[in-house]
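Working notes for the structure below.
Just so we're on the same page: letters track the sequence lines, and every chain starts at 1. If you're wondering where the values come from, they're calculated on a predicted model, not measured in any experiment.
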Number of protein chains: 2
Amino acid sequence: MNSLASTHKKPTISDVAKLAKVGKTSVSRYLNGEFDALSERIKAQIELAINILDYRPNQMARSLKRGSSKLIAYLIPDITNPYSVEVMQGLEKACQDNGYTLLVCNTNRSLEKEHYYLQLLSSYSVEGLVFHPIRSHVNSLTAYPYPVVLVDRKIENFSADRVGLDNIQAATLATMHLIDNGFDAILFISEPIVGISSRLDRVNTFKSVVANHHNVSGDVIEITEQTDSEHDRALLATQIAQFYDAYPTKRKAIISINGSLTLEIALALKMLNLANSQEVGLLGFDDPKWAAVVGDGITSIKQPTYRMGYATFELLLKRINGYQGKPQDILFAGELIIRSSTQSLSSDR
Amino acid sequence: MNSLASTHKKPTISDVAKLAKVGKTSVSRYLNGEFDALSERIKAQIELAINILDYRPNQMARSLKRGSSKLIAYLIPDITNPYSVEVMQGLEKACQDNGYTLLVCNTNRSLEKEHYYLQLLSSYSVEGLVFHPIRSHVNSLTAYPYPVVLVDRKIENFSADRVGLDNIQAATLATMHLIDNGFDAILFISEPIVGISSRLDRVNTFKSVVANHHNVSGDVIEITEQTDSEHDRALLATQIAQFYDAYPTKRKAIISINGSLTLEIALALKMLNLANSQEVGLLGFDDPKWAAVVGDGITSIKQPTYRMGYATFELLLKRINGYQGKPQDILFAGELIIRSSTQSLSSDR
DNA sequence: CTGTTAGCGCATTCAA
DNA sequence: TTGAATGCGCTAACAG
């Protein structure tokens with residue numbers, strides 16, 4: 001019941017050459033677009049033969065020969081993170097536009113798996129790697145045999161292009177927005193910070209902005225990587241409650257370091273019956289689609305993730321093609337999307 | 001500044017053989033785990049040499065030789081869809097557990113791209129394909145040179161294993177839940193149905209369940225694929241408003257065919273100031289994480305997506321290993337997660 | 001148990 | 001312009 005019988009094995013370049021009555025070399029040249037070295041007659045014959053046989057070159061053989069594979073890999077710590085998925089969309093499109101195919105590898109926050117994939121990828125002759133590392137310390141000391149573009153964060157002792165958010169700008173924007181809206185007790189909640197440059201930048205910026213405003217208190221708590229467990233959820237709620245109780249006379253708000261965490265916080269706030277900007281404001285980095293609909297909308301810092309993904313590929317391609325300029329940081333500005341979660345009913349400034 | 005110099009080119013199996021003073025074949029055997037055909041002495045030598053050289057076999061060469069690549073592909077219509085991403089997680093894990101690597105290809109709802117990838121994949125010698133087709137009519141007539149497992153929906157004239165939701169069970173569950181909770185005007189909103197078996201099953205089931213309850217009216221509207229445009233959003237809102245006005249005396253609820261659409265509907269409901277189960281109930285297929293936090297929580301039909309992904313791979317692997325049994329449908333039951341969006345204040349049954 | 005040999009499908013010398 | 005020959009790194013006969 002399969003669409004077609006296709007008992008034939010896949011045609012090879014030799015089959016095409018034979019049918020077209022030309023040498024394999026000519027076919028190879030045709031495939032690689034070296035038309036200036038081919039007569040019209042031969043070209044036409046080859047074209048015909050290819051169509052008849054429905055021939056398509058074997059990428060594996062090509063890769064073996066030339067070392068390149070038209071494959072690039074995207075290594076991400078958490079496939080669940082909307083940020084990663086959004087970046088992936090831009091990446092995927094760019095790949096398609098340039099004849100590349102994307103290998104997606106989820107390290108699932110395990111350094112071991114990160115290592116595993118880093119090794120594995122070279123054996124697939126990937127031409128380049130888009131690397132969203134778990135943290136700055138990568139435990140594979142071997143040099144990568146392919147260009148690497150980092151996403152979101154840096155790696156120690158490894159200099160490579162990086163595409164990411166302008167965290168200083170974005171964190172300033174976020175913090176100032178809260179302060180300007182009359183919040184004077186702000187809790188910044190982050191997942192583990194050590195070794196993750198982007199998080200560090202955000203937290204430090206937050207601290208320094210708050211330090212410039214003597215009337216506002218700024219707390220930072222660093223929680224463990226959130227799992228789906230009720231336990232983590234309860235713990236988070238407890239910590240938020242503590243913060244809430246600590247500033248009875250102030251207007252309180254929370255900044256969340258990323259999209260997944262924002263969701264957890266929203267959940268916790270709901271459990272605590274505090275899910276209302278009059279009780280506790282909420283602002284999150286990342287702007288997943290649901291941010292507009294949770295509660296009456298969560299104010300967020302939107303990253304141009306799609307463009308970032310696309311740009312990442314372009315940078316990588318430049319490297320693949322031999323560009324040797326010194327590594328650059330391409331930082332995108334974050335955009336503040338204001339929603340109800342940081343509104344004051346009365347402008348009580 | 002790169003971690004290591006690595007001026008050497010990558011070691012090959014010959015290098016290992018030379019260093020270990022054995023034949024290439026023995027090394028190959030070692031690599032493939034045929035230890036019973038190797039003396040302890042040789043085995044140790046090879047092991048040593050491999051470690052010294054930090055050798056890793058070239059997958060491309062292997063693939064070329066044996067035709068298999070340890071690569072499988074996942075072809076999805078919309079990488080934005082949380083369903084697909086969740087399935088992908090299970091898939092990715094299963095791949096990892098079995099030494100496979102996942103190629104992710106986003107057809108972005110374009111039949112042309114679907115065709116493009118279907119062609120491309122064979123040239124990468126993928127060993128199997130997990131295929132979430134755009135719709136039942138696939139415009140590539142060529143037979144696939146690799147096993148295929150379908151996800152979510154069927155394809156006409158093409159018999160293959162399929163993993164999906166038990167749509168009849170799930171749609172019955174959903175509809176009955178609404179009816180039992182006193183809703184007697186139910187609007188089922190779907191994205192295009194033609195050629196998409198899973199949607200058809202859901203809609204038909206809905207219709208027949210409603211038909212068995214004479215006091216409840218069931219409407220179905222089929223909207224176009226939602227883009228991110230304001231226009232689509234406004235149109236959707238209009239249609240919902242019409243439904244709302246049509247049944248002034250009844251208790252109204254909406255069923256949404258999938259997660260993305262549920263979000264759009266929630267947005268529309270909010271625009272219309274109807275985002276409250278007392279005004280209009282809401283129930284959606286799929287249970288993305290945010291479903292718990294939108295409004296006071298959206299009741300949904302949860303699919304065991306992760307397990308589905310994992311199971312899909314297992315099925316595929318069986319086929320890859322030559323299993324010839326006749327194609328089967330593996331249907332998973334949907335689970336109803338009841339939240340506020342379908343609660344009645346008064347039990348007005 | 002072990003090694004030699006011969007390709008897998010293609011791109012690249014090199015000659016013609 | 002064209003094509004024959006060579007080898008990319010590996011595995012699978014086939015001998016020993």
A:L75 and A:T107: side chain to side chain contact (heavy atoms under 4.5 Å, CB included), yes or no, with the steps?
CA-CA 7 Å; A:L75 207 50; A:T107 61; 3.7 Å; yes
Could you check how far CZ of A:R56 sits from P of C:dC10, rounded to whole Å?
12 Å
Result for 5'-nearest mapping on DNA chain C, choosing between A:Q59 and B:D36, is B:D36
Are A:Q96 and B:Y117 linked by a side-chain donor-acceptor pair shorter than 3.5 Å?
yes
In whole angstroms, how far is the P atom of C:dG9 from the NZ atom of A:K18?
11 Å
Establish, with yes or no, whether the OP1 or OP2 oxygen of C:dC8 is under 4.0 angstrom from a side-chain nitrogen or oxygen of A:N58.
no
A:V104 vs A:I76 side-chain heavy atoms within contact, under 4.5 Å
yes
Name the nucleic acid region contacted by A:Y55, choosing base, sugar-phosphate or nothing; use a 4.0 angstrom heavy-atom cut-off, strictly under.
sugar-phosphate
Nearest whole Å is fine: how far is D:dC10 P from B:I50 CD1?
10 Å
What's the CE-P distance between B:M60 and D:dT11, to the nearest Å?
14 Å
Out of curiosity, A:S122 OG to B:Q59 CD, how far, rounded to the nearest 0.5 Å?
9.5 Å
When rounded to the nearest 0.5 angstrom, what distance separates CE in B:M88 from NZ in B:K93?
15.5 Å
Would you indicate, yes or no, if C:dA11 has its OP1 or OP2 atom less than 4.0 angstrom from a side-chain nitrogen or oxygen of A:S28?
yes
Measure distances between side-chain N and O atoms of B:K65 and base N and O atoms of D:dG9, and say whether any donor-acceptor pair falls under 3.5 Å.
no
In whole Å, what is the span from the NZ atom of A:K10 to the C1' atom of C:dC10?
14 Å
Would you tabulate the nitrogen or oxygen pairs shorter than 3.5 Å linking the protein to nucleotides 2-5 of chain D?
residue, atom, partner, partner atom, Å
D:dT2, OP1, A:S39, OG, 2.7
D:dT2, OP2, A:S39, N, 2.7
D:dG3, OP2, A:G23, N, 2.9
D:dG3, OP2, A:S26, OG, 2.8
D:dG3, N7, A:R29, NH1, 3.4
D:dG3, O6, A:R29, NH2, 2.6
D:dA4, N7, A:T25, OG1, 3.4
D:dA4, N6, A:T25, OG1, 2.7

Within a strict 4.5 Å, meaning less than it, do heavy atoms of the B:L31 and B:I13 side chains meet?
yes
Looking at A:R62, does any N or O in its side chain come under 4.0 Å of the phosphate oxygens OP1/OP2 on C:dA11?
yes
Separation of B:R66 atom CZ from D:dG9 atom C1', in whole Å?
13 Å
Find the distance B:L64:CG to D:dG7:C1' and express it as a whole number of Å.
12 Å
Non-neighbouring partners of A:I72 that pass side-chain contact (heavy atoms from CB on, under 4.5 Å), sequence neighbours left out
A:C95, A:Y100, A:L102, A:V130, A:F313, A:L316, A:I320
Atom-pair distance (CD1 on B:I13; P on D:dG7), nearest Å
18 Å
